[in-house]
Every structure is written in C-alpha cells, then in structure tokens.
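Because the structure is a prediction, the values reported are computed rather than measured. Throughout, a chain's letter reflects where its sequence line sits, starting with A, and its residues are numbered from 1.
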Number of protein chains: 4
Amino acid sequence: MSSSNASRRNEASRRAILTAAFELVQEVGYAKLSIESIAARAGVGKQTIYRWWPSKGAVLFDAFLLMLGEQADTGEPALPDTGDLEADLKTVLRATIEELNDPRYDEPMRALNTEIVHDPALAALYSERLDGPMREMKKRRLRSAQRAGQLAEDLDLDVAVEMVWGPLLNRWLQRSGALTPEYADSLVETALSGLRPRH
Amino acid sequence: MSSSNASRRNEASRRAILTAAFELVQEVGYAKLSIESIAARAGVGKQTIYRWWPSKGAVLFDAFLLMLGEQADTGEPALPDTGDLEADLKTVLRATIEELNDPRYDEPMRALNTEIVHDPALAALYSERLDGPMREMKKRRLRSAQRAGQLAEDLDLDVAVEMVWGPLLNRWLQRSGALTPEYADSLVETALSGLRPRH
Amino acid sequence: MSSSNASRRNEASRRAILTAAFELVQEVGYAKLSIESIAARAGVGKQTIYRWWPSKGAVLFDAFLLMLGEQADTGEPALPDTGDLEADLKTVLRATIEELNDPRYDEPMRALNTEIVHDPALAALYSERLDGPMREMKKRRLRSAQRAGQLAEDLDLDVAVEMVWGPLLNRWLQRSGALTPEYADSLVETALSGLRPRH
Amino acid sequence: MSSSNASRRNEASRRAILTAAFELVQEVGYAKLSIESIAARAGVGKQTIYRWWPSKGAVLFDAFLLMLGEQADTGEPALPDTGDLEADLKTVLRATIEELNDPRYDEPMRALNTEIVHDPALAALYSERLDGPMREMKKRRLRSAQRAGQLAEDLDLDVAVEMVWGPLLNRWLQRSGALTPEYADSLVETALSGLRPRH
DNA sequence: CTGTAATCGAGACGGTACGTCGAGTCTTGGG
DNA sequence: CCCAAGACTCGACGTACCGTCTCGATTACAG
C-alpha cells in the first residue's frame, strides 16, 4: 500500500534543499536569495532543484511546509475553545503577533507572501495547503461560538475570519503600525462589537 | 524665489523614465522589470536613473505618484458623505474593487506592494505619501459619522479603517477569494454591525 | 576453443552505438557530439558506453573501424600496380581527394584527426589499426617500383610515403587550397622528379 | 590620423585575456580550456570575451598573433639565403622541429590546428594572417633559388612548399614518427632530388 | 530448469561550463 | 555639470553534458 515510491527522487537532497532555502532566506533576505546559493548550501547540483521545482517561490513554499511539519495536514488542528470566544481570539492573535515579530520567521514569511502576490499558481497552492486548512480551523472555532449563540446566525464566516485576521496581516506586511498585544485586543473587541454603537 | 531651481535635473528625462517604468511593469510584470529596459524605453542613460533614484522600487513609487497625479496632495480629497455611512462605504469599496480588478493597475500595484513588504524605507515613504493621506481621508469620513452618533464613541478609527479596508486588500493580494460588489457590501455590513448578534 | 565468448557484451548495442556516433558526427559536427546524444540515438543507457569505451574519441575510432568494414585487416589490401608508378599514384590520390571531398566522410574524418592530435593513446591506436596498415600498403607499392628500378635505391620509403600523401592531408585539414585532380597530378609529378631541375 | 579610435575597447583587458588564454592552454590543455577560466585568470568579466570574440578558437588565434608579436606582418621576414638551398632548408626545418618539440608551444599549436580543422572561418583567418605570410616567405626563398637555376623552372612553388613542410607538420600532429634533425635532412634531400633515381 | 550474477535501458545525482542577462560603476564625447 | 551611450566587472540565470550512481528488468551461464 505504500512502500513502492514511483519516483526515484532522493529524499535526503530534498530535505537539504528545503532546509538550506529556509535558512538562507533568513540570512540574506528574499531579494538576494539565489538558486545557486541554495544548491551550494545544500551540497546539491542546481539541476536537482530545477528538476523538481518550477520556481524559487515553489521551493520556498515547500520549505515552509517542511518547517511547519505539515501540522495543518495531520489530524484536525484546533484553536483554543474555552467557551469565551473573545478571550480565545485575543490569545490566538497575541500569539500570531509574537510569531510575526520573531525575526526567524519574519523574512521567510514576507518572502512567501511576496511570491504569492505575483504567482497565481503558487497562490492557489498556498490557498490549498496552508491558508485553507488554517482558515478551516478558524472557521471551526467561530462556528462553535455561533452554535452557542455568541455570533450572529447569518454571519458569513469567511468574511468574519478575514475581518479578524486580515488587518493584522496587512499591518505587518505594510508596516503601517506597531504589532502589539493591545492591538490584538482592540482588533478582537472591535470586530466582535462592530463599529456602530450598541444600543 | 529665484527662477533657478537648485537642481539641473532634466524634467523631460524624469517623466520619460517614470512613464516607461509604469508601462513596463504592466507589460512584463514586476519580476522581469529591469533598470536597463526602463532606460532603453525612456531613451535615457542608465546613469540618469541611478543618479536620481536609490532603487527600482523608488522609481516605481515615483511612477505611481506621477500617475495618480499626486491627487492625495492637492487640497483635501474626501470620501462621499451623504449622511448614510453604510451606503457611502459600500460605494467606495465597490469603486476600489473595480480599480483592483482593472488590469492596467493590477500589476503595478502588486509590484508596489511587494517592494513595500521588503523595503522599510520605501514602506515609510509609502506611508507618508500615499497610504497616510488616504487613511486620513477615510478617518475624516468615519469621524463625521462618529459625530453624528453613527459610530461608537470610543472607537479607534485606525482600527476601524483597517477592519474595513484590510480584508479587501488581503483578498486581492493573496487571491484568496473573488472581489465582487457583494463582497464589498458584506464587508461593510459585517464591520458596522460586528460579529456578535445584536440583542 | 570453447564457444563461450568471455564477454557477455551485447553486440546489438555495440553496433547501435557506433552507428549512432558516426551518424551524429556527420549531422552536428564533432564539437557538439555528446555521449548523451549518442546514447539517446542508439537507444542505450549511458553506462553502456562508459562501460566499454574510455573516451568519446575511442567510440569514434571504433565507429570508423566499423564503417570501413575493417578492410585494412582483412587480407592484404593493395594499391593498383600497372607497372606505371606515376599513373597508379595519380589514380590513388585522385580517389583519395574524391573521398575527402565527400561530405559523408568529411566531418567524421576531421573529428578523428582532431582526437588524434590531442590524445596520444588514440594516436597510437590509430597508428596501429588504421594508418599503419595503409602505410604498409603504400610502401609495398613503392617497394615494387623500387625493385623495378623506378625509384632511387637508397630511398627512405617512409619519407617517400609522407611526401606524397602528407601535403594532401594537410591541404585538406587546413583548407589551405582546393583539392583538385590537377593538384593530385602535380603532387605526384613533383614528388617523383624532385624540386631540382633534371639535367 | 590616428589618435581617435572609434572603439572604446579596453586594451588592457584585451591583452590580459590573450595572455591568460595562451598560458592556460599550455597548463591545462586545449580540451579543458574554458572561457570561464580565461576570464578568471585575466580578471575580466566573461561578457568582455564574448563581446569581442566569436569563439574560443578566435581568442586562441589572437593570442597566437600577440605572442608571435605579429612578426609576419612587420616588414619582410625572410628565410636564410646563403646561396646553398639545401643547407638553408635543413637549417630551417631543424629549427622548426625544435620549436614543435618545445613543450611551451606544443599544446597551444595543437589547439590552434584543431580549431582550424573544424572552423572554416578561422581557417581563412589563419590562412590570411599566419600561414599566408609564412608561405610567402618560404616561396621567396625558393624563388631566389629558382632564379639561380637550383630549382626546376616550371616548378609550382606552392606544391614545393607543401612538399617540404607538409610531411613535417603531419608527423607532428599525428605523432606518426619521431621529429629528429635527421628526419629534417632526409626530407629536404628527398624533396630536392625526387623519388626517382637521378640518371 | 532454475538461481545468480553480469549487463542492460533508464535516468537521478553532484558538478563544471556554457552563453545570456542585468546590476551598478565608470569613461567618453556632446550640449 | 548633465546627459546618452555603452564598456566594464561581477553574479546569477537556466541549460547541456559530464561521469558516477542506483534502480528494476532481461539474459545467459553454471549448478
């Protein structure tokens, strides 16, 4: 059922390439990341990269998948659910902010986002393998709250997810403001209550 | 007050360069845009570009300013204010969506966003010259509504702006969903009312 | 005396490789001839070539032997001997010229000569298997004439052979002049009579 | 009349490239000579080589011209003329043999000959710039002898030149025999007297 | 008649070099 | 001093082959 892999691809090389790519994008930044340097760092011929990936962005994407351990794929990842939606969302957003502020992830994630912006094929892949599962996870938490009567019954969960996480991502990408825990709180509170006055 | 500008810079060359840059980024995309091709198209020596701009992104940014006619700078641009905030916002978001779907602006704007993501200096410039004025304009409209009691008194207007426009920009950049007028409406309604049920 | 050939080598592959090599060198020229293209054309794994030949030149050399049907080996090839040395030599040189002018043999023979120039091992092989037998054949004809008193008694036959055929080969390799039947005649006459005036 | 050179070519780079090429072909041989290594040794970008020369062979050819100091071009080079043709030719051939046996010139000259064999354009250049002038020089000496009645009146001097020098070049290229002073003598004597018995 | 070991087609691998593109710098000559 | 033009060094591109190395799948010999 599994032992015979049709491909004669060298798994060790694959991992070396992805690891090298991830390290290098941290060290030199996305603009200066070259296939040549990835190959050199990985101890691999350039052809081995060109053979299996169509673009630099695709390598980076796979590197991401490897680093994330493909968590999104295994089982059903879930957001915390204490019953208190507001608190849970704040917890999650604060954690996200911490990750975005982590220099180890900053450059690689910016690089990935850049590639997605310009490469529709990669965007589709991203949507399918990374963003999709994450979005599902977020929607599951919101649906749970919805069932508990904490969210509007007619709420479009996709819009809801984007309204909570979108501003955060934007601020980070455009550096249009500081990413602080307070910002996370404010975002959650405002999204839940809406801009209009209550009562 | 003397007529002599300190700089002996050739205005014709400047415009030719910016025009060529804007045209080329539409035609070949951002990744394949080269300083050499800009110089060739503009009928200009490469040195003339390097003399006046520090980076490809800076050229692109100035090209944008030129194309936008520096609207943001002239006078006090304003969002429509009919008194009906929800309707006004929907109008504006629908217009924005139309612009983002316009192939003439799609590639150049993606290019600009990409540069901003990786170049903090450019991000600051963007924030000051383009995003800042736009944000002020949006906040003015919201403040007007706030005074009219249509928005919560303690609302953080920056967060509010990001919550309305951020998801839109994100969907566009990541191609994570279609940009339709209905999406604009849904976004405005959800943001104004909040995720929680009313009553 | 046993029927078993020590080698389990595949004769069909061997012939396919040599034929492919000979064809390809005609088609693409020596510089662009690659082991990979030979293997592909022959429908053979690269390893099969590397297993049996030490170098591209060696393959080419064997290809030559195959094409020539190993004539030089079988029996005692001989130059025409009508008793008229001058006429016989002219006949032979004219035939040689025709062969050298034949596009089917031009490129392959140039290729072989090139390899010989740079590879002493191949040069030795060439000398033993191709040039040697040919030279013997030529010397036999000259010796016959010498016995008939038509050539100087103390003549060094090796020098004689080189003086008749050398200039021809040189002109062909360096393209330093046209290879015409008249040239053949002139060469033979001059060599036989010498540069000095007779009487 | 001369100061303004139309080309803005860098003479220092040109010399560095040719010198590097000549050195490298001695050191690593023709087969392993790469444009890349020439550029590296010369401290020059590869593009500068590709900009000015169409092929590796053309570089090598120019390197030869530079090394030979373009002697052939300056003035009227001449072979020794003591009145004794046989002695003079022996002197010259012996000197040639010594040169061909000099390891400093062996590889480069083989390389040049190889290129000529495969590249008609280069062959023409060779004929015009190197072989032609040399051949003229040789013919001048023979013509002088001819006037003195030492050579046949109807002798084709081109054929004569090829008959004396051709065998030598061939033996060297094909390694079909040792290049000794005795061989030079034998060659000259046989060519002058012819293969036929005198009287 | 059946292992078993060499040979085969296939093609991935780590490399080297190719010939091209563009970056950013520098030089020349003209206005 | 600025400009158009374009040569320069340098680094990377993506491709072609090198010679080596597995991988099954024949295939011909030996037991």
Undergrad: Taking the minimum atom-to-atom distance to the side chain of Arg9(C), which one of dC8(E), dT20(E), dA7(F) wins?
TA: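 That would be dC8(E).
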Undergrad: Rounded off to whole Å, could you give me the CD1-to-C1' distance for the Ile38(B) and dA23(E) pair?
TA: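 It works out to 13 Å between those atoms.
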Undergrad: Whole Å only: how far is the CZ atom of Arg14(D) from the P atom of dA7(F)?
TA: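 Rounded to the whole Å, the gap is 16 Å.
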Undergrad: Let's test your reading of the model: under 3.5 Å, does the base of dT7(E) pair with the side chain of Arg8(C) as donor and acceptor?
TA: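 Side chain to base: no pair present.
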Undergrad: Do the side chains of Met109(A) and Phe64(A) get nearer than 4.5 Å, heavy atoms only?
TA: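 Yes, side chains in contact.
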Undergrad: Looking at Arg9(A), I want to see if its CZ is surrounded by more than 12 non-hydrogen atoms of other residues, nucleotides or ligands under 6.0 Å.
TA: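 Buried by this count: over 12 neighbours within 6.0 Å.
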Undergrad: Quick one: Asn10(C) CG to dT26(F) P, roughly how many Å, whole number?
TA: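 Result: 14 Å.
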Undergrad: Lys56(B) NZ to dA23(E) P: how many Å, rounded?
TA: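 These atoms are roughly 7 Å apart.
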Undergrad: Take atom CD1 of Ile35(A) and atom P of dT20(E), then tell me their distance rounded to the nearest Å.
TA: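 Rounded to whole Å, this separation is 22 Å.
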Undergrad: At less than 4.0 Å, is any side-chain N or O atom of Ser13(D) found next to OP1 or OP2 of dA7(F)? Yes or no.
TA: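 Answer no for this pair, as no side-chain N or O of Ser13(D) is under 4.0 Å from OP1 or OP2.
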Undergrad: Is atom CZ of Arg104(C) surrounded by more than 12 heavy atoms (other residues, nucleotides or ligands) closer than 6.0 Å?
TA: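 Not buried by this count: 12 neighbours or fewer within 6.0 Å.
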Undergrad: Is there side-chain contact between Leu33(A) and Leu60(A), with at least one heavy-atom pair below 4.5 Å?
TA: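 Result yes, sub-4.5 Å side-chain heavy-atom pair found.
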Undergrad: Could you check which of dT20(E), dG9(E), dG19(F) has an atom nearest any side-chain atom of Tyr50(D)?
TA: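 It is dT20(E).
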Undergrad: Could you please name the option among dG14(E), dT20(E), dC8(E) that lies closest to any side-chain atom of Thr48(C)?
TA: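 The nucleotide sitting nearest to the side chain is dC8(E).
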Undergrad: Quick check against the 3.5 Å criterion: does Thr48(A) have a side-chain atom that pairs as donor or acceptor with the backbone of Val44(A)?
TA: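 Between the backbone of Val44(A) and the side chain of Thr48(A) there is no qualifying donor-acceptor contact (under 3.5 Å).
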Undergrad: On DNA chain F, nearest-nucleotide positions of Ser37(A) versus Leu33(C): which is more 5'?
TA: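 The answer here is Ser37(A).
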Undergrad: From CZ of Arg51(D) over to P of dC21(E), roughly how many Å is that when rounded to an integer?
TA: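 The answer, rounded to whole Å, is 12 Å.
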Undergrad: Just the rounded figure in Å: distance from C1' of dC8(F) to CD of Glu11(D).
TA: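 Going from Glu11(D) (CD) to dC8(F) (C1'), I get 15 Å.
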Undergrad: Have a look at Ser34(C) and say if it touches a base, only the backbone sugar-phosphate, or nothing, with a 4.0 Å heavy-atom cut-off.
TA: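 It contacts sugar-phosphate atoms only.
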Undergrad: Would you kindly give the CD1-to-P distance between Ile49(D) and dC8(F), to the nearest whole Å?
TA: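 Roughly 11 Å, once rounded to whole Å.
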Undergrad: Please determine whether any donor N or O and acceptor N or O are separated by less than 3.5 Å between the side chain of Lys46(C) and the base of dG19(F).
TA: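 Such a pair is found, so the answer is yes.
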Undergrad: For Trp52(B) and for Lys32(C), locate the closest nucleotide of DNA chain F by heavy-atom distance; then report the residue assigned to the nucleotide nearer the 5' terminus.
TA: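 Nearest-nucleotide comparison on DNA chain F picks Trp52(B).
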Undergrad: Both Gln47(B) and Gly45(C) contact DNA chain E. Which one's nearest nucleotide lies toward the 5' end?
TA: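 Final value for this comparison: Gly45(C).
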Undergrad: Any donor-acceptor pair, under 3.5 Å, between the side chain of Glu36(B) and the base of dC21(E), if you only look at N and O atoms?
TA: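 When only heavy-atom distances are counted, Glu36(B) does not reach the base of dC21(E) through any donor-acceptor pair under 3.5 Å.
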